[in-house]
Amino acid sequence: MLPPIATIIDNFEILDDGPDQLEYLMELGRALPPFPDELLTEQNRVHGCESQVWVDSNVDHSQSPPRLHLRGTSDSFITKGLIALVMALHDGKTPTEIADVDVFQVFKRIGLGAHLTSKRSNGVRAMAERIHRDAARLAA
């Protein structure tokens, strides 16, 4: 189970840049719940990522306003950690709250942005855009 995003940010802020942050990122990836094989579909695949990435979005209509719940996985340990961080930033939020999330601002705050390759940055951008599109569909 992933810790709340505030805890994740606090943990990143006390870690030294580089290897410690990458290890924590991979630890977050290991904390993701299992991703069912039946969701490893082309529809759930996120294009624009160097690694294979899948994101599944579900709408919880039992709450008012409805909230988006997310699951994700990857074939890469580091990318799976990035997914965990992106999920922690967006999961359980309303479409309006999701629209206000700036993933790269958070990455910059915790010092992670400087350590991402351009390919990984593009993958994170693709994940965030996918989640924002799913949230926009929910709001429509």
Query raised in the report: At what distance, to the nearest 0.5 angstrom, does CD of Glu13 lie from CD of Gln21?
Result: 10.0 Å

Report summary line: The reported gap from CG in Leu40 to CG in Asp75 (rounded to nearest 0.5 angstrom) is 10.0 Å

Query raised in the report: Does the side chain of Leu85 reach to within under 4.5 Å of the side chain of Ile5, using non-hydrogen atoms?
Result: yes

**Report entry** Straight-line distance of Ser51 OG to Lys119 NZ, nearest 0.5 Å
**Finding:** 10.0 Å

Query - Arg45 atom CZ: more than 12 heavy-atom contacts under 6.0 Å - result: yes

Query raised in the report: Any ring pair (Phe, Tyr, Trp, His ring centres under 6.0 Å) pairs touching residues 117-140, not counting sequence neighbours?
Result: His90-His132

Query - CG on Leu82 to CE on Met127, rounded to 0.5 Å - result: 5.5 Å

Query raised in the report: Taking only residues two or more places apart in sequence, or in another chain, which ones meet Arg130 in a side-chain hydrogen bond (donor to acceptor under 3.5 Å, both in side chains)?
Result: Asp134

Query raised in the report: Any idea which heavy atoms bring Pro65 and Thr94 closest together, and the distance?
Result: CG-CG2, 3.4 Å

Query raised in the report: Are Asp56 and Asn58 linked by a side-chain donor-acceptor pair shorter than 3.5 Å?
Result: yes

Query - Closest non-hydrogen atom pair, Ala126 against Cys49 - result: CB-SG, 4.3 Å

Requested in this report: Taking atom CD of Gln63 as the centre, report whether more than 12 heavy atoms of other residues, nucleotides or ligands fall under 6.0 Å from it.
Outcome: yes

Query raised in the report: Does any pair with a residue in residues 25-39 pass side-chain hydrogen bond (donor to acceptor under 3.5 Å, both in side chains), and if so which ones, sequence neighbours excluded?
Result: Glu23-Arg30

Query raised in the report: Can you name the nearest heavy-atom pair linking Leu68 to Ala135, along with the distance?
Result: CD2-N, 4.0 Å

Query raised in the report: Among pairs that include at least one residue of residues 17-73, which meet ring pair (Phe, Tyr, Trp, His ring centres under 6.0 Å), considering only residues two or more places apart or in two chains?
Result: Phe12-Tyr24

Query - Phe104, CZ atom: more than 12 neighbouring heavy atoms under 6.0 Å - result: yes

**Report entry** Minimum side-chain heavy-atom gap Arg109-Ile9 below 4.5 Å
**Finding:** yes

Report task. Check for a donor-acceptor pair, side chain of Thr7 on one end and backbone N or O of Pro3 on the other, with a separation under 3.5 Å. Result -> no

Query raised in the report: Do the non-hydrogen side-chain atoms of Val124 and Val86 ever get within less than 4.5 Å of each other?
Result: yes

Report task. Calculate, to the nearest 0.5 Å, the distance between atoms CG and CD1 belonging to Leu25 and Ile83 respectively. Result -> 10.0 Å

Query - Listed partners of Arg125 passing side-chain hydrogen bond (donor to acceptor under 3.5 Å, both in side chains), at least two apart - result: none

Requested in this report: With sequence neighbours excluded, give me every salt bridge (charged side-chain N to carboxylate O under 4.0 Å, His left out) pair touching residues 89-102.
Outcome: Arg67-Glu97

Report task. Supply the atom-to-atom distance Leu28 CG to Lys80 NZ, rounded to the nearest 0.5 angstrom. Result -> 12.0 Å

Query raised in the report: Do Arg137 and Ser57 have side chains that get closer than 4.5 Å, going by heavy atoms?
Result: no

Query raised in the report: Quick check: does any side chain N or O of Asn44 sit under 3.5 Å from a backbone N or O of Leu39, one acting as donor and the other as acceptor?
Result: yes

